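Notes follow the structure.
Reckoned from all heavy atoms, side chains included, excluding hydrogens, waters and symmetry mates. Since the structure is predicted, the reported quantities are computational estimates derived from the model, not experimental observations.
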Amino acid sequence: MFDSHSPLTPPAETAHDDLLIELKGARKPSVTFDLCHLPVKEPFILSPTDNASPTDNTSPPVAVDLAAHSVPNSILVALLDRDKEMRGLVQHNRQFFDSLKLHLPNWSCFENTLYCHRSQLNDKDWMDHIGSALRAMPPTLDRFKALVGYIEESTPLKVDQEAYSESPFEQVDIVSLRNYPSRLERFPQSYPQFFINCQQALGEATSQYRSFQTTLFAPRNEIADALWEKSLYDQLDAFPNLMDQLKEIIAYEAQDEDDEEIA
């Protein structure tokens, strides 16, 4: 029952609460921390070529020196020491070269060219001579070029390349062939493809082809050198490719001077 005469002081619990409030009022305000002045550790940054982590303790990569040699533009085959490396190439491809030996009538001359030193015959002329010997066997020539790693020499573009290009055998003196009459007699057997080309161009059964044969094999005591040369040029004037082939054959034959010479 409510006593109207009881004191108006708060109960003990209320006094206790007030004390707590006073204590709270006396507490210092909360502390804040300003972090902007603290030192900041820089992050570890990898260089574009650095694949190691910051804790990687492995040794740095070691530089390797590679020996390199400049190759002149005149070297067109993958044989730096051509004459010596060519002998090793023949040994490793004995079956191919043995077969080649059976099909070439003048193997000793071809072999001399094969092992000729680069100082005596550069790669381009060397391949021209070999190409002349293997003209009748295009697949064999292609196989040989692949074996030696032959790189075709780039030809600069011209307005009219055929009109201005000169055959590598343009300066060959065809009269020199008459110095070797025994070789000239063997021409049909040694170079059958050349005569097949002549037959196709001049006509096998025509007087034009027979006249060409008569002139080509005529001895010096019947036709003088100047007239012989002029006659051949006149007869093959309409077929410059045949004259180029003839000059290639003569240049190849002129390498071997063991045969007799006739003044």
Original post:
Who pairs with Lys145 by salt bridge (Lys or Arg N to Asp or Glu O under 4.0 Å), at least two apart in sequence or on another chain?
Top reply: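 Listed in chain order: Glu152.
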
**OP:** Output all residues satisfying salt bridge (Lys or Arg N to Asp or Glu O under 4.0 Å) with Asp234, sequence neighbours left out; order by chain, then residue number.
**Re:**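 Expected list: Lys230.
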
Per the ring pair (Phe, Tyr, Trp, His ring centres under 6.0 Å) rule, what does the pair list look like for [range], sequence neighbours excluded?
| range | value |
| --- | --- |
| residues 73-100 | none |
| residues 118-146 | Trp126-Phe144 |
| residues 214-243 | none |

Taking all non-hydrogen atoms of both residues, which atom of [X] and which atom of [Y] are closest, and how far apart?
| X | Y | result |
| --- | --- | --- |
| Gln245 | Asn197 | OE1-ND2, 3.0 Å |
| Val148 | Met86 | CG1-SD, 4.0 Å |
| Leu100 | Met137 | CD1-CE, 4.2 Å |
| Leu242 | Phe194 | O-CE1, 3.5 Å |
| Phe212 | Cys198 | CE2-SG, 3.8 Å |
| Leu216 | Leu177 | CD1-CD2, 4.5 Å |

Using the test side chain to side chain donor-acceptor pair (under 3.5 Å), find all partners of [X] that sit at least two apart in sequence or belong to another chain.
| X | result |
| --- | --- |
| Gln235 | Ser211, Thr215 |
| Ser231 | none |
| Asp225 | Arg178, Arg220 |
| Ser190 | none |

So how far is it from [X] [atom1] to [Y] [atom2], rounded to the nearest 0.5 Å?
| X | Y | atom1 | atom2 | value |
| --- | --- | --- | --- | --- |
| Ile174 | Leu246 | CD1 | CG | 6.0 Å |
| Gln208 | Leu236 | CD | CG | 8.5 Å |
| Leu134 | Arg143 | CG | CZ | 12.5 Å |
| Asp98 | Asn93 | CG | CG | 10.5 Å |
| Asp128 | Thr113 | CG | OG1 | 11.5 Å |
| Leu76 | Asn122 | CG | CG | 8.0 Å |

**OP:** Could you list the residues that satisfy ring-ring contact (aromatic ring centres under 6.0 Å, His included) with Phe187, not counting sequence neighbours?
**Re:** Tyr191

Original post:
Can you name the ring-ring contact (aromatic ring centres under 6.0 Å, His included) partners of Phe110, sequence neighbours left out?
Top reply: Trp107

**OP:** Sequence neighbours left out, what pairs pass salt bridge (charged side-chain N to carboxylate O under 4.0 Å, His left out) with at least one residue falling in residues 75-93?
**Re:** Arg82-Asp123

Subject >> Asp125 side-chain N/O to Leu121 backbone N/O, donor-acceptor pair under 3.5 Å >> reply: no

**OP:** Please check if Ile196 and Tyr252 belong to a single hydrophobic cluster, counting links between Ile, Leu, Val, Met, Phe, Trp and Tyr side chain heavy atoms closer than 4.5 Å.
**Re:** no

Original post:
Could you go step by step and tell me if Ile75 and Arg118 meet the side-chain contact (heavy atoms from CB on, under 4.5 Å) rule?
Top reply: CA-CA 9 Å; Ile75 294 183; Arg118 184 176 275 118; 4.0 Å; yes

Original post:
Does Gln189 CD have over 12 foreign heavy atoms under 6.0 Å away?
Top reply: yes

Subject >> Residue pair Ser207 / Arg210, side-chain heavy-atom distance below 4.5 Å >> reply: yes

